[in-house]
Structure formats: structure tokens, C-alpha cells
Amino acid sequence: MPPKRDPEAGCLIPEAGQWPVDPQEDQDIQEERLWIDGCFDFFHHGHAGVMLQSRRLGSSLIVGLHSDEDIAANKGPTVMNLAERIAAVEACRFATKCVPHAPYVTSLAWISHYGCRFVTHGDDITSDAGGEDCYRFVKRAGRMKIVKRTPGISTTDLVGRMLLCTKEHFIKNLPDALEGKEGKGSEEERKERGEEMLKRIREYAAAPNGRDEFVQIWNWTPKHRPLERRMSTLKASDDLQRIQNHDHGKGTFTPLVSGLSPRPGQRIVYIDGGFDLFSSGHIAFLQTVSELETKLGEERAWFTDESILKRVKDTGSDYAPAYVIVGIHTDEVINYYKRLNYPIMNLFERGLCVTQCRYIHAVVFSAPHTPSSSYLTNLPTGTPDVVYHGPTSTLQSPATDPYADARSLGIFEETPEHKFQEVNAENIVKRIMDKRFDYEERQRKKGEKGAGEEAHRRREELEKERMRRASEVERQFGA
């Protein structure tokens, strides 16, 4: 018997046992179960924003994810492959289930199989290779709900920053930006933008239902000028370790979002980084930390029926064995170490990406590059039980190890490698540069300006200069 096809969308309709993920049997359609689909290419806070708004419309959100082949045929090449995009979608706290290989033109048969009454999408238009609306059949059936697209961010915007080497997106001081004291425009425009930024931070900190409080967030302001800002005035003979011990970790934690505090019995976990172009590499690291703590939880009988019943009786609900705090470095710190126009995403954007992730519970914006004893012992949650970091070159030199204090406190632990170990911001930029003509064509189709040969040549020159200067810094200061 030939495979069944959707007479409208033209896609295959799988038989029971052939659907990409369970359930395999058709589900009863529920008003509160929503479907959203897309490419979700190198996942950013705009994608999370659409999922957040969609989740608020119901009790569960099924996320359809298009294949690499369908995206290439209808839109152009992806930056991230399907496995990497699945990891990103599954890590979003507002997503209930990810369905890979969802048809590019949304099929009523597919959404009905998974029991979804309505499809959600941003207020922009998505077209197939023939220029027709991908949601035309859903709209015709009256099963479409529109949510607002997140302004100021898109995959194309990020690609443009890479190709054109711009730095206009950098944030010098997050509290100033939130108070309208930093940025372009009039005082009124800056204030309005700052209020919108803070509102979005609070929204992304929501629980999986998109409404209740969940993630706790602070901004850290150092007492002394950051070491990275003073490097140009230091001599090779200066005692860098002494300066770090004197300065680092002394500062103030300012609450931005109240969220949920650690619960009885939870281990306090601290991890930090830049999390630029928040991708499968970062997500797999965070997931690895979660899995390590889950294993430790099993060893201390966290998941026994007796333990679960006691937590529910004492606190009213069950919860994870670990409370994970993520420190995020400033644009200035990242640019000092990586040069060029890194980070591609600014502190606010990177913070939103981390905040929406299901593997975390708290965020510290503007965290120091070196988590000193003073910083760690003064965290609002108290000294962490463990500080995790992945197996990177940062840890190869004991003299300049940013985690030296965590080691001396006996709380440092290196995580094992994961399957997306090599995926980071530089790797993603290289993918873009290697296929720049394809991405320029993708931008052209969307009516946006391509970067051109000169922009690409300039980027290559700056990348070489970045590597040269980074080597000089490492030779001189061990940074």
C-alpha cells in the first residue's frame, strides 16, 4: 500500500509506529494543547519568546521541527543541524515535546495526530519555496493563533553581525541600560527600551507554564574596576595573582527577579561562562551538569517514594536535587579574551537565552571571569557545594586558572566531554563564513542587504588579528 499523503500540504502522513516521536496512536484533540513549528536555527531568545507566549495560551506546547533538507529546499541552508536544533528546542523550559521532521507546510493531519487544536506563530509571514503561506491550510481551518514576534533579534540579524563585524550591540553596563542611561536615542527612548528589557528578563524567568515565578536573577557589580579593563596599563612584572586576590569577588549582588530560592536538601551548583550564540555545546554542558547531579541524587536516595512524599508534605511540591546558578560574563570581559566583535550576542541577549533553559534555576548577570573565594562565599544563596566547568584550555595553566579558588575550597569539578563539545561561538561563525554566499542569498531573499566580498575579506583579516593578539596576551599575562 502506498504511503498516505496530506492532500493539502502534500507531506507524508506516517502510520502508527512510524511517527518521529510518541505517541504513535492519534490523540484526542484538546483546546489547551498547542502546536508551534519552525526551523529554530541556532536557537536565540526570539525563538524562546514565541514559545513563551504560545505556552501561556494553553497547558502544553508541542514543537514541530523541520528537517535540514526541507529547510534547505524552502529557505536556504541551516547553521545548526537537526540534532543540534533538537537539543536547543528540548532545552527550552516552555516546550513540552519536540517533534522532529515536521512538514515545512504545516499539516492539519500532523497537528491533529498529536492532539493539538491550534497552531501558534509570530506575526511575521513564513513562505514555502513557491512563495505561499506555510500556514494557509491551518488558517483556512480556523485553527491559527498569532503571537507577537520578539523585536530586535532574528537568525538573520545575528548572521549580519558576524559578516559585518559590528559592535553596536555591545552593552557596557547592564544596570545603566535597564535604567535608560545607556544606548542610542533620546532619554525617553532609552528609558522605554530599558523598561522593556527588564520586563522581558522577568517574563523569561517564568516557570514552564509561562506565568508562575521560577528563575531567580541578580546583577553583580564589582567594587573595583574589572581586571580586564586595566590590562593595558599593567606590566609583565606585575603580580596578576595578587591583583586578582585583592580585587575579584568584591562587589554587590542586586536582585532583578525574585524567583524561587533553593529548597531544603538541594545542592547549590555554580557554573559560569560567556554562553555566546547559546547553542548545543552550552546546552549539552548544562544537561551534563543536571545529569551528574541527578546521579548524585540517586546515590543519596533523593528519588525514593519516601523522600518524595516527605518533600511534598514539608514544602507542598517536589523538586530537583540541585539548584543550578549560572554566572554570565560581560561583553567587555568576553571581548577582551576573544577580541574581534565577540560576543555576537550581548549580555542581555545571552542572559535571556540562559534564563529560558530548563536546566538552570538562577542567573547572575555580569559575573566575574574569575570566581574568587570572596565572590563564591558571598553568593546570595551561600557558598556553592560544587563549581563545575568543562574540559577546556582555560584550565591548562595552574598559574592563571580562574577556578583556582574553587579548587582550594575543594568544590571544583570538571565535567566529562559531551557529544557537542566542539560547538561554540567561534565554530558557528566559521560555519557561517564557510558558506557565506549561501547565507547572503538567504538574506537577499528576505529583502535584506548582503555582506559582500569586502565584508568577508575584512572578517578574515580581523580573525587573524584576533588570534595574534590573543597569543600575545597569553604569552604576557597567561590570560
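- Between Phe278 and Arg350, the closest side-chain pair of non-hydrogen atoms is not below 4.5 Å.
- The 12-atom threshold is exceeded at NZ of Lys139, counting heavy atoms of other residues, nucleotides or ligands nearer than 6.0 Å.
- Residues meeting the side chain to side chain donor-acceptor pair (under 3.5 Å) test with Ser112, sequence neighbours left out: Arg143.
- A cation-pi arrangement is present between Arg311 and Trp302, with the terminal nitrogen or guanidinium carbon under 6.0 Å from the aromatic centre and inside a 45° cone about the axis.
- Between Val364 and Ile328, the closest side-chain pair of non-hydrogen atoms is not below 4.5 Å.
- Using a 4.5 Å cut-off on side-chain heavy atoms (C-beta onward), Thr221 and Asn219 make contact.
- At a threshold of 4.0 Å, the pair Arg85-Asp68 counts as salt-bridged, since one of the basic side-chain nitrogens sits closer than that to a carboxylate oxygen.
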- side chain to side chain donor-acceptor pair (under 3.5 Å) between Glu413 and Tyr403, worked out: CA-CA 10 Å; Glu413 186 168 335; Tyr403 300 99; over 6 Å; no
- Message: Set out, in order, the CA-CA distance, both residues' side-chain angles and the distance that settles side chain to side chain donor-acceptor pair (under 3.5 Å) for Tyr135 and Asp37, then state yes or no.
- Response: CA-CA 10 Å; Tyr135 298 96; Asp37 57 26; 2.5 Å; yes
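- Using a 4.0 Å cut-off between a side-chain N of Lys or Arg and a carboxylate O of Asp or Glu, Arg136 and Glu132 qualify as a salt bridge.
- The backbone N or O of Tyr342 sits less than 3.5 Å from a side-chain atom of Asn335, completing a donor-acceptor pair.
- With Leu292 as the fixed residue, the side-chain contact (heavy atoms from CB on, under 4.5 Å) test singles out one of Leu296, Thr294, Thr288: Thr288.
- Checking side-chain atoms of Arg211 against main-chain N and O of Arg56 turns up a donor-acceptor pair under 3.5 Å.
- Asn341 places no side-chain N or O within 3.5 Å of a backbone atom of Ile344 that could act as its donor or acceptor partner.
- More than 12 heavy atoms of other residues, nucleotides or ligands sit less than 6.0 Å from atom CD of Glu291.
- With salt bridges taken as basic N to acidic carboxylate O contacts below 4.0 Å, one links Glu426 and Lys338.
- Here the side chains of Arg267 and Pro321 are not in contact, with every heavy-atom distance at 4.5 Å or above.
- Looking at Gln24, its side chain does come within 3.5 Å of a backbone N or O of Trp19 through a donor-acceptor pair.
- In this model, a donor atom of one side chain and an acceptor atom of the other lie less than 3.5 Å apart for Tyr388 and Glu293.
- Counting only heavy atoms from C-beta outward, the side chains of Lys181 and Arg190 never approach each other to under 4.5 Å.
- Between the His113 side chain and the Pro23 main chain, a donor and an acceptor come within less than 3.5 Å of each other.
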- Residue pair Ile271, Val387: steps toward the side chain to side chain contact (heavy atoms under 4.5 Å, CB included) verdict: CA-CA 6 Å; Ile271 55 183; Val387 174; over 6 Å; no
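- Between Glu195 and Lys199 no salt bridge is recorded (no basic side-chain N to carboxylate O distance below 4.0 Å).
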- Step-by-step side chain to side chain contact (heavy atoms under 4.5 Å, CB included) determination, Leu52 to Arg93: CA-CA 9 Å; Leu52 167 61; Arg93 194 165 56 251; over 6 Å; no
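- Residues Leu57 and Val147 are in side-chain contact: their nearest non-hydrogen atoms beyond the backbone lie under 4.5 Å apart.
- Judged by distance alone, the side chain of His329 and the main-chain N or O of Ala367 form a donor-acceptor pair under 3.5 Å.
- His361 approaches Ala322 most closely through the heavy-atom pair CE1-O, 3.3 Å.
- Rounded to the nearest 0.5 angstrom, Asn81 CG and Ser280 OG are separated by 7.5 Å.
- Phe40 and His47 have perpendicular rings, their planes meeting at more than 60° on a 0 to 90° scale where under 30° would count as parallel.
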- Task: Quick one: do Thr78 and Asp41 satisfy side chain to side chain donor-acceptor pair (under 3.5 Å)? Show the steps, please.
- Result: CA-CA 6 Å; Thr78 60; Asp41 203 7; 4.9 Å; no
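- With rounding to the nearest 0.5 angstrom, the CG atom of Leu198 is 5.5 Å from the CG atom of Leu178.
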- Task: For Asn209 and Asp212, run side chain to side chain donor-acceptor pair (under 3.5 Å): C-alpha distance rounded to whole Å, both residues' side-chain angles, the deciding distance at 0.1 Å, then the answer.
- Result: CA-CA 7 Å; Asn209 64 9; Asp212 298 335; 2.8 Å; yes
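- Judged by the 6.0 Å and 45° rule, Arg200 forms no cation-pi pair with Tyr204.
- Contact record, Ala102 with Asp70: O-OD2, 4.4 Å, taken as the closest heavy-atom pair.
- The number of heavy atoms from other shown groups lying within 6.0 Å of CD (Glu25) does not exceed 12.
- Taking the six-membered ring where the residue is Trp, Phe253 and Trp218 present perpendicular rings, their angle passing 60° and hence far from 30°.
- In this structure, Ala95 and Arg358 approach most closely via the heavy-atom pair O-NH2, 2.7 Å.
- Nearest heavy-atom pair across Ala129 and Asn74 is N-OD1, 2.8 Å.
- Other residues, nucleotides and ligands contribute only 12 or fewer heavy atoms inside 6.0 Å of the CG atom of Asp28.
- Using a cut-off of 4.0 Å between Lys/Arg side-chain N and Asp/Glu carboxylate O, Glu84 and Arg431 are scored as salt-bridged.
- A donor-acceptor pair under 3.5 Å is formed between the side chain of Glu182 and the backbone N or O of Asn173.
- The existence of a salt bridge linking Arg161 and Glu349 is confirmed by a sub-4.0 Å separation between a basic side-chain nitrogen and an acidic carboxylate oxygen.
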- Task: Could you check Val215 against Val257 for side chain to side chain contact (heavy atoms under 4.5 Å, CB included), going step by step and ending with a plain yes or no?
- Result: CA-CA 7 Å; Val215 179; Val257 182; over 6 Å; no
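- Of the listed residues (Phe275, Tyr359, Phe43), just one forms a ring pair (Phe, Tyr, Trp, His ring centres under 6.0 Å) with His282, and that residue is Phe275.
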- Kindly determine whether His418 and Phe285 satisfy ring pair (Phe, Tyr, Trp, His ring centres under 6.0 Å), including the steps that lead there. CA-CA 7 Å; His418 51 73; Phe285 166 65; 7.2 Å; no
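- Checking side-chain atoms of Asn346 against main-chain N and O of His169 turns up a donor-acceptor pair under 3.5 Å.
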- Task: Show your working on side chain to side chain contact (heavy atoms under 4.5 Å, CB included) between Val63 and Val99 and close with a plain yes or no.
- Result: CA-CA 6 Å; Val63 184; Val99 180; over 6 Å; no
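- Looking only at side-chain heavy atoms (C-beta outward), Tyr323 and Gln216 come within less than 4.5 Å of each other.
- Taking the side chain as every heavy atom from C-beta outward, Ile36 and His121 never approach each other to under 4.5 Å.
- Glu192 places no side-chain N or O within 3.5 Å of a backbone atom of Glu189 that could act as its donor or acceptor partner.
- To the nearest 0.5 Å, atom NZ of residue Lys4 and atom CD of residue Glu15 are 5.5 Å apart.
- Remark: side-chain polar atoms of Arg33 are not paired, donor with acceptor, to backbone N or O of Ser60 under 3.5 angstrom.
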- Apply salt bridge (Lys or Arg N to Asp or Glu O under 4.0 Å) to Arg117 and Glu31, showing your working. CA-CA 5 Å; Arg117 169 71 68 187; Glu31 297 286 331; 3.1 Å; yes
